[in-house]
Amino acid sequence: MGIVKIDEDLHEEARRASAVMCRSINAQAEFWMKIGMLAEANPTLSFNDIVKQQLVLGDVRVASLTVA
């Protein structure tokens, strides 16, 4: 484990996002880094495609929602 220096404004945004998403600041930053890394490696995939792919890889079953 290491220390990563980030801009104060970005840290504040991570803090705010972490509260909304019920994650620690570190977990929020790690999530953003992972999604960013996957997006760079797979530029044709949308954010939703990346999240779906990760859920499948984690063997997470999510019910589909239909709009009435």
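Basis for what follows: all heavy atoms, side chains included, without hydrogens, waters or symmetry-related copies.
The existence of a salt bridge linking R61 and D59 is confirmed by a sub-4.0 Å separation between a basic side-chain nitrogen and an acidic carboxylate oxygen. With respect to the salt-bridge test (charged N to carboxylate O, under 4.0 angstrom), the residues E12 and R16 qualify.
The hydrophobic cluster containing V20 does not contain F47, counting ILVMFWY residues as joined when their side-chain heavy atoms lie under 4.5 angstrom apart, directly or transitively. Under the 4.5 Å side-chain heavy-atom criterion for Ile, Leu, Val, Met, Phe, Trp and Tyr, L10 and I35 are members of the same hydrophobic cluster. In terms of hydrophobic clustering, with Ile, Leu, Val, Met, Phe, Trp and Tyr side chains grouped at heavy-atom distances under 4.5 Å, L45 and V56 are assigned to different clusters.
Here the CD atom belonging to Q28 is positioned 10.5 Å from the CE atom belonging to M33, to the nearest 0.5 angstrom. With values rounded to the nearest 0.5 angstrom, M21 atom CE is found 10.0 Å from W32 atom CH2. Taken to the nearest 0.5 Å, the CG atom of L57 stands 14.0 Å off from the NZ atom of K52.
F31 has its side chain out of reach of K34: every pair of non-hydrogen atoms, C-beta onward, lies at least 4.5 Å apart. Side-chain contact between Q54 and L38 is present, with at least one heavy-atom pair separated by less than 4.5 Å.
The two residues I25 and S18 have their closest heavy-atom pair at CG1-OG, 3.6 Å. Between P43 and E40, the shortest heavy-atom contact is CD-O, 3.7 Å.
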